[in-house]
Amino acid sequence: MTTGGHARGGSPRTYTLIGPDGRPYRSPTPGTLAGNRRSRLYGRLDCRAALRAVACGRYTEHRVFFADEDAASKAGYRPCAVCMPAEYARWKANREGTMP
């Protein structure tokens with residue numbers, strides 16, 4: 001997520017986020033949500049399912065970050081059913097053509 005540093009005399013820290021167009025860009029602000037490029041889902045940074053996968057050594061190679069939910073959704077990612085159950089239910093209902 002981080003590129004660069006903030007060493008004395010160095011350039012400020014930047015973060016690589018995924019934009020609504022699905023392409024990475026640099027931001028001076030860290031993302032508020034994390035996702036997985038392979039499974040195309042996103043969730044909170046403290047999601048227990050994602051943290052468990054990270055601890056097992058999986059996931060990090062495909063981890064991406066988003067500024068907000070709108071960017072993640074527009075980039076084609078879906079909400080995590082574990083840490084964002086209400087958002088996931090809305091996404092699923094919209095996908096099935098039924099509104100909650």
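This one's a predicted model, so the numbers in the text were calculated from it and none came from an experiment.
- With a 4.5 Å cut-off on side-chain heavy atoms, C80 and Y88 do not count as touching.
- Here R90 contributes atom CZ and S73 contributes atom OG; the two are 11.0 Å apart, rounded to the nearest 0.5 Å.
- No side-chain heavy atom of R95 sits under 4.5 Å from any side-chain heavy atom of R78.
- Annotation for L33 and L45: closest pair C-CD2, 3.9 Å, computed over non-hydrogen atoms.
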Check residues 61-68 and write down every donor-acceptor pair under 3.5 Å in which the side-chain atom is one partner and the other belongs to a residue at least two apart or another chain.
{"from": "D68", "atom 1": "OD1", "to": "D70", "atom 2": "N", "distance (Å)": "3.3"}
{"from": "D68", "atom 1": "OD1", "to": "A71", "atom 2": "N", "distance (Å)": "2.8"}

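- At distances below 3.5 Å, at least one donor-acceptor pair connects side-chain atoms of R40 with backbone N or O atoms of A75.
- Partner S27 forms a side chain to side chain contact (heavy atoms under 4.5 Å, CB included) with one of T16, L17, T14 and no other, that one being L17.
- Between M84 and W91 there is no side-chain heavy-atom pair separated by less than 4.5 Å.
- Rounded to the nearest 0.5 Å, atoms CD1 (I18) and OH (Y25) are 9.0 Å apart.
- Between the CZ atom in R13 and the OG1 atom in T29 there is a gap of 13.0 Å [rounded to 0.5 Å].
- Taking 4.5 Å as the limit, some side-chain heavy atom of R48 sits within range of a side-chain heavy atom of V82.
- The local environment of CZ in R37 is crowded, with over 12 non-hydrogen atoms from other residues, nucleotides or ligands closer than 6.0 Å.
- Between Y15 and P30 the shortest heavy-atom distance is CD1-N, 3.5 Å.
- For the atom pair SG of C83 and OH of Y42, the computed distance is 9.5 Å after rounding to the nearest 0.5 Å.
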